[in-house]
Amino acid sequence: MKGLFDKLDKAFEHRVRLGIMSLLAIQDDMPYTELKQQLDLTDGNLATHMRTLLQAGYVNEEKKFANRKPLTSYTITPEGREAFMKHLEALEALLKSLE
């Protein structure tokens, strides 16, 4: 069972980052404001967790303007998708070992 914990990705330890990755895994592109609303987060809280995922290379950030207003959106990277799927598989294996 000890080896199962080694397969968990530290980037996804926090429920917020797990939520961000879950949303991005099912939706190709998600605006900052929608992520904030869906996860019921403050600007600072979301920004902190996004920075962690950006530094890990698990998400991409795109900044643009729409009607002269800034719009930031995020997508999951191929590396992020692979790491997230491996993390979920490790969680599943861990849960199965408890049966």
Side-chain angles (χ1 to χ4, degrees):
M1 184 146 111
K2 182 181 176 190
L4 294 175
F5 287 102
D6 295 338
K7 294 180 182 180
L8 296 175
D9 192 320
K10 287 195 163 289
F12 309 130
E13 281 183 348
H14 198 281
R15 70 169 186 82
V16 171
R17 290 191 294 272
L18 196 61
I20 291 167
M21 292 301 287
S22 296
L23 289 170
L24 292 177
I26 59 173
Q27 188 168 327
D28 290 339
D29 183 82
M30 189 166 256
Y32 181 89
T33 53
E34 190 173 339
L35 278 168
K36 182 179 149 185
Q37 180 184 23
Q38 289 285 329
L39 298 169
D40 193 27
L41 300 172
T42 63
D43 283 325
N45 200 345
L46 179 56
T48 299
H49 290 291
M50 289 308 298
R51 191 174 318 114
T52 299
L53 294 171
L54 284 162
Q55 289 173 346
Y58 291 164
V59 297
N60 285 324
E61 177 181 68
E62 182 182 359
K63 293 182 179 263
K64 56 187 173 188
F65 286 89
N67 296 326
R68 298 173 44 144
K69 290 185 178 183
L71 177 66
T72 303
S73 62
Y74 298 93
T75 56
I76 192 170
T77 64
E79 297 83 7
R81 185 175 302 281
E82 183 179 339
F84 187 59
M85 295 309 294
K86 285 182 180 178
H87 183 78
L88 293 179
E89 289 167 4
L91 282 174
E92 186 177 351
L94 180 62
L95 291 172
K96 285 183 179 178
S97 75
L98 298 175
E99 292 178 348

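Residues: numbered from 1 along the sequence shown.
Residue pairs satisfying the salt bridge (Lys or Arg N to Asp or Glu O under 4.0 Å) criterion with at least one member in residues 32-50, sequence neighbours excluded, are listed as follows: K36-D43. Within the structure, ring-ring contact (aromatic ring centres under 6.0 Å, His included) contacts touching residues 16-42 (residues at least two apart or in different chains) do not occur.
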Return all side-chain donor-acceptor pairs below 3.5 angstrom for residues 52-68, not counting sequence neighbours, or 'none' if the list is empty.
from, atom 1, to, atom 2, distance (Å)
T52, OG1, T48, O, 3.4
Y58, OH, D9, OD2, 2.7
E61, OE2, Y74, OH, 3.0

Which pairs of donor and acceptor atoms, one on a side chain in residues 12-28, lie under 3.5 Å apart (sequence neighbours left out)?
from, atom 1, to, atom 2, distance (Å)
E13, OE2, K10, NZ, 3.3
H14, ND1, V16, N, 3.0
R17, NE, A11, O, 2.6
R17, NH1, H49, ND1, 2.9
S22, OG, L18, O, 2.8
Q27, NE2, D29, O, 3.1

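L71 and L35 are members of different hydrophobic clusters when ILVMFWY side chains are connected at heavy-atom separations under 4.5 Å.
Under the side-chain hydrogen bond (donor to acceptor under 3.5 Å, both in side chains) criterion, E82 pairs with K86, sequence neighbours left out. In this view, E92 and K96 satisfy the side-chain hydrogen bond (donor to acceptor under 3.5 Å, both in side chains) rule, not counting sequence neighbours.
Interatomic distance, L8 CG to L94 CG, rounded to the nearest 0.5 Å: 6.5 Å. Separation of atoms CG (N45) and CE (M50) is listed at 12.0 Å; rounding is to 0.5 Å.
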